[in-house]
Amino acid sequence: MTLVRGLIVALLLPGPWLAASSAQQPVPGPRDPVAGTAIPAGTATLAGTVLVEGTGQPARRARVSLSSTELRGSRTMLTDDHGRFVFAGLAAGRYSLTVSKPGHVGIAYGQNRPGAGRPGTPIQLSDGQTFEARLQMPRGGVITGTLLDEQGEAVPGTPVRVLRHALRNGTRALEQAGTGSTDDRGIYRVYGLQPGEYLVVALPRRPGGPDPDRLRTEVAALRERAAALAPENAPLARQLLERATAQQSQLPEADDQATGYAPVYYPGTTVPSTAASIVVGAGEERSGVDFQLQLVPIARIDGIVVSATSQPLQSAQVVLVAAGQAVPGLGTQSTRADRDGRFSLTGVAPGQYTLLARSGGGPMRGDVEAFQGPGGRGGVPAGRGQRPFAGRGSGGGASNPARLWAMTTLVVDGHDVANVVLPLQPGMSIAGRITFEGAAQAPDDASRLRVTLVPAEPGVMPRALATPAQGTVDASGRFSVADVVPGRYRLSASGAGPGWFLESAVIDGQDTLDFPVEVKPNQNVTNALITFSDRQAELSGLVTDSRGRPASEYTLLAFSADPRYWTPQSRRIQSTRPATDGRFIFRSLPPGEYRLTAIVDPEPGSWFDPAFLQQLESSTLRVSLAEGEKKVQDLRLSLQ
């Protein structure tokens, strides 16, 4: 969060007030063989060279992508042996240029520092112009080390993940940045990392050890097969009995504490919050990141899912979510209730958990199958991605069964947890109407619109339960969203057509686009109001340095003057990079008082942090935006 010391934003002579104008569609041209999209014809050319940073060597066969949101066109090519690329026949407009190559850090033209999410500088092309771009692509960082088991022996084939600390919408979180696997010496190597701060976690393939119930079933089956064999098959019978005896020996004694492997973080902890961070610079190799797997006491959780009338419910989804810092793909285990409503989760490591159940309405967010060990389930799962809830379709499509939900908290200390009862209950409903304000023609049939209730973070319910839900809309604009699980949400809508944008979504007098609304158990909503408007405000202008030259290396930030709106994902906080000609534009800002400033290389998402915005207030320019106003405000920057 480096600020520009002594940065003064001086207002130049105000630019003209712009009237709204309709954008012209690009003339259809040839289609890009990679993206499959139409390429507008034109006379501009964008050429350049990509070099490997620090070496002066050309980046051969790097993938260069050129895109333009305004022109809806994109093109991709590979650099030649000299690192050169040329895009010809381009229409006038604003373009974004990015480059990627395996083992290197992807970059965008104009980035001050490499890294995902850091903005580049759009390139403004005019008819007949030839623009030459020169880019330096850093090699990716490397984290390498040795992973051993609790006996100090190598564990070949063990997956290793690298997680990166990233700031997303004002909240610091972990995201997966790279993967690797140990070789026969236990050595792993994860490469292609961008500069940043990382955690390293190993995911043992035997997380929970053998499942006792499965072993008992297999032992009994082997002995039955041996007993059923005829006397002439005595050698085979002996083999079956020997296998049964070997598997019987793996069963724990009645008073033995079951143990198994859990995901372990460098330097040797099963708790992410106590893991050590590894800082990696551009192209840096961090070696010696060595640690060991750990055996931990593991437990089994058994229970039953029942209806509101205490009747068992079959096929309900049951998910166990670890409390604390969210780790992508880890800390979640799931199963389904059987025909008697019973469920079982095995190999659960010590910790605090939330146990969730849901029936109907599609799969839970974060619903993953339990880790499949040899012959069946076992232990602490690694997770296999997320499948978002599809919800109910608009316009009279087929609906899913009603969503029922249940939740409880558990503390697991290595001992089995039995007889957990999860009583399912119905979700709530949100109903209301859609209105249109403006001179444009409103849609004749509002049933084509989509109404969505989106979970807001942080929420009062885990994300595995509070999934997006879609509503139904009738022709007159009345809508309803059914089976809503308690939590904090934003109400949204789309599909109104060209010229219309979502202005507000109000529940009980609160605009959920600005402040999420809490849906509480047993409380339905009947007065929601969604408003579309055709009066969309814009703030644009030209930013120059003290010599009057375009200042395209800065990030411009427009944020509400009211600190109440300094919240994660706020629509009243926007950032943009001016193009090479110094021109910038902010779209879809709600009417109100704003502060406009320029900063150098901010961390992506840092502008959602109230403390960060407070530091900027002294070097900002106050700007007022009325509803539907198209305002031009030029800036001149100077350093003192």
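It should be emphasised that the depicted structure is a prediction, and the values quoted were computed from it without experimental measurement.
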Any luck finding a side-chain donor-acceptor pair between [X] and [Y] under 3.5 Å?
X	Y	value
Q470	R450	yes
R549	T544	no
E197	S277	yes
Q129	S126	yes

Out of curiosity, [X] [atom1] to [Y] [atom2], how far, rounded to the nearest 0.5 Å?
X	Y	atom1	atom2	answer
L539	L596	CG	CG	6.0 Å
L203	L147	CG	CG	10.0 Å
R161	Y198	CZ	OH	16.0 Å

Verify, without hydrogens or angle tests, whether [X] (side chain) and [Y] (backbone) share a donor-acceptor contact under 3.5 angstrom.
X	Y	value
D581	Q124	no
R577	Y554	yes
W566	S560	yes
T555	V600	no
T512	L491	yes
T45	T130	no
T79	F85	no

Got [X] and [Y] here, is their nearest side-chain heavy-atom distance under 4.5 Å?
X	Y	result
K631	S540	no
I123	Y109	yes
R595	L616	no

- For P122 and R94, which heavy atoms make the closest approach, and how far apart are they?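 Minimum heavy-atom contact is CB-CG, 3.4 Å.
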- Query: Among T146, D290, V200, T158, which one satisfies side-chain contact (heavy atoms from CB on, under 4.5 Å) with Y188?
  - Reply: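 Only one option passes, and that is V200.
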- Are D545 and R547 ion-paired here, with the side-chain N under 4.0 Å from a carboxylate O?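 Not counted as a salt bridge, because no side-chain N and carboxylate O are separated by less than 4.0 Å.
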- Message: Tell me if the CZ atom of R61 is crowded by more than 12 foreign heavy atoms within 6.0 Å.
- Response: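 Count not over threshold, so no.
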- Query: Would you say E627 has more than 12 foreign heavy atoms packed within less than 6.0 Å of its CD?
  - Reply: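 It does: E627 CD has more than 12 such atoms within range.
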- Task: May I ask you to check if R572 and Y565 form a cation-pi contact, with NZ or CZ under 6.0 angstrom from the six-membered ring centre and within 45° of the axis?
- Result: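 Yes, R572 lies over the aromatic ring of Y565.
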